[in-house]
Amino acid sequence: APATEAPPPAKTEEAAPAKTEEAAPAEGAALDIEPIRIAIVMPSTTTDLAWSQAIFDALLRIQEEAGGEDVVEIAYSETMFNVTDAAAALRDYAADGYDLVIAHGTQYGSSLFEIAPDFPDTSFAWGTATDTGEGEGLHNIFAYEARAEQGGYVNGVLAASLSKSGVIGVVGPVEAGDAKLYIDGFVAGAKATNPDITVNVSYTGSFGDTALAAEAANTHINAGADVLTGSAQQVVGAIGVAKEKNVPWLGTQSDQSPLAPDIVVATQLYDWHDTLLDMIKKHQAGELGGTAYQLTLKNGGLTMLYSDSLPEEAVAAAKEAEAGIISGEITIDIE
Amino acid sequence: MAKNNLLPSGLPRIESMEMRGIVKRFPGVLANDHVDFDVKAGEIHALLGENGAGKSTLMKILYGLYQPNAGEILLNGQPIHIHSPADSIRYGIGMIHQHFMLVDSLTVAENVALGLKSSREPRLDLDRVTTRIRELSKNYGLQVDPDAYVSQLAVGQQQRVEIIKALYRGAALLVLDEPTAVLTPQEVDDLFAILRQMAQDGHALIFISHKLHEILDLTDRVTVLRDGKVIGTRLTAEVTKEDLARMMVGRDILLERVRPPATVGEVRLKLDRVTAVNDDGAPVLRNVSLEVRSSEIVGVAGVSGNGQRQLAEVIAGLWPVTEGRIFLEGREVTNLPPAEMLEAGLSYIPEERMHDGALKEFSVAENLILQDHIREPYSKGIFLDFRHIARHAQEMIRKFDIKTPSQETPLKNLSGGNIQKLILARELARKPRVLIAAQPTRGVDIGATEYIHNQLLQQRAEGLATLLISEDLDEIRALSDRIIVMFGGEIMGIVDNDQTTVEELGLMMAGEKKDLQSLGVAR
Amino acid sequence: MSGELSVLAIIVGIAHSGLRLATPYLYAAIGEMFAQRSGVLNLGVEGIMLMGAYSGFFVTFKTGNLLLGLLAAATVGALMGLAMAFVSVTLQAQQGISGIGLFMFGLGASSLLFKTTLGTVEGVEGFPELRFCLSSLGLNSNYCLSQIPILGEIFLRHNILVYGAFALVPIAWWVLNKTTWGLSIRAVGQNPQAADSLGVSVARVRYVTVTLGGMLAGIAGASLSISLLNIFQENMTNGQGFIAVALVYFGSWAPLGVLAGAMLFSLVNALQLWVQVLGLNIPSDVAVMLPYLLTIITLAFPFRRALQPAALTKPFERGES
Amino acid sequence: MQTRLKRFRFERMLDLLLPLIAVVGALIIGAVILVLLDKNPLDAYQAMITGAFANKNGLADTLVKATPLLLVGLGIVIAFRASVINIGAEGQLIVGAMLTTYLALELGEALPGFVVIIICLLAGSFIGGVWAAIPGYLKARLGVNEILSTIMMNQIAIQISFFLLRGPMIDPAEIEAGTNIPHSARLPKATDLPRFTDVARWLGFPGSAKDLGLTGFSKELYGLLVEPTRLHTGLLIAIIMAILVYVFLWRTTIGYRIRAVGLNPSASRYAGIDVPGYTVLSMALSGAFAGLAGAVEILGLHHRMFEPLAVSAGYGFSGIVVALFGKLHPLGAIPSSLLFGGLLVGGDKMQRAVQVPQVLVTALLGLVVLFVVSSEIWSRRRASRRVSTQSIPETTS
Ligand SMILES: Nc1ncnc2c1ncn2[C@@H]1O[C@H](COP(=O)(O)OP(=O)(O)OP(=O)(O)O)[C@@H](O)[C@H]1O
Ligand SMILES: Nc1ncnc2c1ncn2[C@@H]1O[C@H](COP(=O)(O)OP(=O)(O)OP(=O)(O)O)[C@@H](O)[C@H]1O
Ligand SMILES: [Mg+2]
Ligand SMILES: [Mg+2]
């Protein structure tokens, strides 16, 4: 099993863009929060090993740390790909008196902006997004996003150091959004490490086409790739192929190593724990919204997990990249 | 003794089959009302009756296609239960259905092999089936290519396949439901020879036909059904045509039509050396030339599948003409789309009335405006005008004596005869200049037939030019001024009805061309 | 970009991927072809595939026995086919809509079972690639037939389920055209009245074909979950069942036609993956669109006549005609 | 006569009740599953019913959901009436939504809102119609099976949308923020379809439910009409369209022809109807309704375009179910869309109330569909008995 590095103690303050605030530090195990009811609406499933699972796991962790269901009550709606249904769920949770209602999908935004004014005492959270709706006079929305390109960059550095063939394969879903951020960061990281390296990127055109993702991985391997990465829930298919062909895989979003412990050698983990906790605290302090959060390496929202099996110098290069990004020495150019 | 019990095919004989007190109710119809019927080995027993008398129903019960509401069936004196065709086949009963039971997309051999155990299960043994078919073809004079697809066969050939299917299974008891409807006189003779042979060999045969002379010619006994009841069973030798007709209808009947003399007028329809081909490029019409004048009925005789349907369809604009020209009232209309042919004054009664002529799910009123719904007064702009449509329907129902609960009734609830009357009403109401009537009385009972015939004659008197296509020679003879005989897509001859004989027509129907001079001067 | 890759290697890669991608389509489409040839349109293939994928995976995961897993997938698929047969043959329900119902049920039920029994995406050891090594024949050699250049590389590096899918094509052809059963199936789909009048049980034929179709759809699902991907994830078929139904139409209801359709679709999919991998300057969306576009374009060529079974989607009742 | 009439009415009622009985049957199986999952089925179903129908928000959600279902269903009705199987409503809806978004963004500032709305509705219908006419044409002229081609066209529509949304049509703010989420900018507010509450305000409704002293369900109903909910006037468009489609199919010559072609192409050809032309036309009309649904969803609900499958939301399939439940009748599609919309909304509500996985709802709906189609055999049997016991006069002979 990979050595899971304990999440580094979250850092305070970072030169953040205006109106963007960092998550507050989490102190120790016992969380000091009042009982709260949280509801979350997600486009895929809580077990997708990717986008939705990442935040759901964080919620469960908070619940556990805070003392269980009596303190943190969690309600969820998954597979809410249909925005109309998602909106109904959001309104319903708010009407049911949930204190924090999370809309975990970009596409939920316009619905959320219509619902939020009707529930001025409820906090809402919207991700991935940067807009808290203050421009429209809304004060009870938090926004959050993951700077996926940061971990992407680190994974890229790692991949370039691992690759012997000089070819790396990337299995993307749809060429947009979070996935594209990650992949662009990945390509930048790989190129920065080895300008001659070839990074082949292919998209399946769908978030859930596991079979095509698997074949994309196969194709990359046939094209000479000896390190693979990819994003969205479809990648479980690609990881299966990587496992079969014994090609190392670099993950993102959720920890995919249980699926192939020897193959998933590094992961950019989205750790929403601190962000969520900060929202809870703000809410309980009477600040219902208005903050835009970012998961970054610097604030510990993005953490890198490295497997023991990785060569030391590769991990060293990756950690150096991490440090560079955190310190601001490395800036990532994306299209 | 034991040998005596076997048929030449090796099957055991059915010494006797008896149906007792058979009752079959369909919703609203008592199709069989306590029917008693029997047949013995070596006998040909005729079943006779008007359309809808219940003949097919009785036979379908025997074959296991329907379950009777009451009554029993005895085989060799033993009561038996027939739940499905599989059962009846097991008992040695075979049936040639009124409507062919053939799979178009399969070959003749495959159709024959269907449902049979193969000699090398699970593999098909088509070679053996083919050989057997060839044998049967030879023994019984039934020419048919085992490798041909059924869809490629003419109707007469398909009928042969049906017979071969039954012979192949060696049915000890064979039911033939109107097998002669699509055969030429010569083919009928051949079939009868086979049937007589089979009877002699010890088969039991049940034969259904509307043609009285066939019954007199072939059968030993005859049972007449009317309205689902048995009117009587007679030895064929002891009855006359007139007796049978009276038993069938319940009164004396006059089968003659009076065709008053008429003076023909201008040429309304003219075909000039029209040729047409099918999807495979094979010609279905060759150099067909004809004229139909005002106040004239021209009959087209011929065995089914000799180009009559295509002739009707090229005129209606439904089948492309590859060579030659068609004129309607002097105007060339070759290959105009159907809509324009209708516009030009053509009316058409297609032979497959349910398939081509009407919409089962549409109401009577809707069916009556099938071509003309876009015209005044049935519509204004794009909107249908229901007041006029209803008024029109009422008028047609009254004028043409269409029996229907209401004008809103879906067409499928009408009987065949009334559907045909509706189609006739619709076509005539359009005040056509030329009418093509294909098989206008097929499957229609005597009353309705009489009515339709009289309508056609009345329209003739009013100047309509009619091309009457029929496989019923009696009908052609009764109505036509001139008769065209078709064979293999060609015109074999055009003769004056009053100056020809059935023999002459029969020869031409079998493919003998009348000499060309007479063709030219036939008018 | 990848200059070192020879054209030949790319072709080998495309062909190899094409065969793998075609595998689930072949199972599902051949099964569906049987059902349709007998006159039943089963639009629920997608749902059956998902249930097959789940049960195959679950049993393999719990027992470690791939054959048991395959058997489970086939059984569950057959049961769902049987349900479809009951609804569409015995209860004469409209086939299009009952298929959609079956699909929704399969999608929901497989996910529900996944959540309650597994809870998270797990992996199994799937059917291994066969490499046809001489050593397995007891020969003292390290050589494997899969090393044969080109042909071996394309054809001899697959697992047993891939070979099974392709073996199914001639078998299906044989059953359909060379056996008494096949004759009954063809007749029942074309003219059930005629078949019935010769003692062929229309209902039985349809029950068997639809159940068989379900079984093959179940195996199609298993070919994803325990042979190609070796995982189960909710909705992992992602519309492949519907494509399989479409391929039956594409293939004009003939095994070889279905094979051609499945290969065309899969090869173009493999090709578009290569197009992207090679970094050719085509937007990814356009590349993904290729197989769909090409399928439509191919169909527009008039060289084929559709041979749609005349009784397709029409329930049969004796005495109706 | 009296008893016959009574029996007739009773049987008619049975026809209407049968689907409901079937729904109950499916729910009983669902109850067993719920018990196995350790949930109380009574709570669950109570949540389901109250969630969909008991209060103004539930009702609003049901109606909002029923709107695209009805529009898509109407299109399906037209296609199926012409014997064309349109499985491509999904793609047609998506292209309608895309063009609507584009036009609303382009014209939204330049023209008055209602003008833009009308342009968008027409354009959405138009492009949906064109998208469907392609498979229609391929079927009519080249014999390409429409089940196949419409499935393929769906995928093409999805990929084109992704292409446009991550490039030419992406929200500029996304590029600025560097997040590159593939959605368009929010459409100008002026192009929002008015919500019921807006309409009520314009019409000067007397006041809130409380002011009027309403309680119970009437309060909810009143609230549904005048208080802020998501309910938008797209619903009215859909209902008006249902009536128009009814008039169109049964009162116009074009509708007559479409039905004739669907019932019997051969007889239609004999009657001079251009069968291929009407096949294309009915497909195009069918697509136009799906396209209109796309336009209405964007203008009335989402106000921006995002992931195409999240906009089309399976309406292509559920629309088919709605049309068939409605017996392929435009007016039947109205209650059918309400029922189905209610089941979907209520199912979600149940999921939230007792926290069962969402997929249970999907499985349950599948069972409902299976049970309802299976139950039709009884009403069909009775219908055939009914028809044939109507007296038909004997022919004179
Ligand atoms: N499946 C059925 N359902 C309802 N009524 C039926 C059915 N089959 C036959 N009938 C009716 O039963 C009656 C007897 O029909 P049957 O086919 O036995 O007549 P037939 O004597 O064979 O007539 P034809 O000479 O026209 O073949 C008719 O009124 C017919 O309409
Ligand atoms: N297969 C069937 N199913 C249901 N009803 C049928 C069937 N066949 C016939 N009928 C009904 O039986 C009645 C008689 O039909 P049929 O066509 O046999 O009339 P017919 O007795 O031959 O009358 P006509 O002499 O006018 O042709 C009609 O009401 C028809 O709807
Ligand atoms: Mg009749
Ligand atoms: Mg009969």
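Both backbone and side-chain heavy atoms feed into the values below; hydrogens, waters and symmetry mates do not. In the text below, chain A, chain B and the rest are named by the order of the sequence lines, each starting its count at 1.
For the atom pair NE2 of C/His16 and CG of A/Asn222, the computed distance is 7.0 Å after rounding to the nearest 0.5 Å. In this structure, the separation between OG on A/Ser202 and CG on C/Leu278 is 10.5 Å, given to the nearest 0.5 Å. Note that the CG atom of C/Leu229 and the CD atom of A/Gln234 stand 11.5 Å from one another [nearest 0.5 Å]. Here the straight-line distance linking atom CG of C/Asn230 with atom CD of A/Glu244 works out to 6.0 Å at 0.5 Å rounding. Atoms NZ and CD, on A/Lys245 and C/Glu129 in that order, are 5.0 Å from each other to the nearest 0.5 Å.
No side-chain donor from either of A/Thr210 and C/Asn238 sits under 3.5 Å from a side-chain acceptor of the other.
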Notebook entry, point to check: Run the side-chain contact (heavy atoms from CB on, under 4.5 Å) check on C/Lys115 and A/Thr46 step by step: do they pass?
Noted result: CA-CA 9 Å; C/Lys115 279 188 185 306; A/Thr46 57; 4.0 Å; yes
Item checked: Check against side-chain contact (heavy atoms from CB on, under 4.5 Å), A/Thr47 and C/Phe114 -> CA-CA 10 Å; A/Thr47 48; C/Phe114 166 77; 3.4 Å; yes
Margin query: If you apply the rule side-chain contact (heavy atoms from CB on, under 4.5 Å), what do you find for C/Leu21 with A/Leu212, and how did you get there?
Written below: CA-CA 8 Å; C/Leu21 283 172; A/Leu212 202 57; 4.3 Å; yes
Next item on the list: Assess whether side-chain contact (heavy atoms from CB on, under 4.5 Å) is satisfied between A/Gln53 and C/Val121, documenting all intermediate values.
Entry: CA-CA 11 Å; A/Gln53 185 166 356; C/Val121 181; over 6 Å; no
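Of the two parts of A/Ile221, neither the backbone nor the side chain holds a non-hydrogen atom closer than 4.5 Å to a non-hydrogen atom of chain C. The part of C/Val124 that comes within reach of chain A is its backbone (N, CA, C, O), which places non-hydrogen atoms under 4.5 angstrom from that chain. Neither the backbone nor the side chain of A/Ala260 comes within contact range of chain C, judged by heavy atoms closer than 4.5 Å. Contacts of A/Val241 with chain C are made by side-chain atoms alone, with heavy-atom separations under 4.5 Å and no backbone atom involved. Only the backbone of A/Thr204 comes within contact range of chain C, with heavy atoms under 4.5 Å apart. Neither the backbone nor the side chain of A/Gln256 comes within contact range of chain C; no heavy atom of the residue lies under 4.5 Å from a heavy atom of that chain. At a 4.5 Å heavy-atom cutoff, the contact between A/Ser206 and chain C is made by side-chain atoms alone.
Between C/Val288 and A/Tyr203, the closest heavy-atom pair is CG2-O, 3.6 Å. Contact between C/Gln233 and A/Gln233 at its shortest, heavy atoms only, is NE2-O, 2.8 Å. Across all their heavy atoms, C/Gly123 and A/Leu259 have their closest contact at N-CD1, 3.3 Å.
Inspection of non-hydrogen atoms places no residue of residues 47-60 of chain C under 4.5 Å from chain A.
Here A/Asp209 pairs with nothing under the salt bridge (Lys or Arg N to Asp or Glu O under 4.0 Å) rule; sequence neighbours left out.
You'll find the side chain of A/Glu215 stays beyond 4.5 Å of the side chain of C/Asn269, heavy atoms only.
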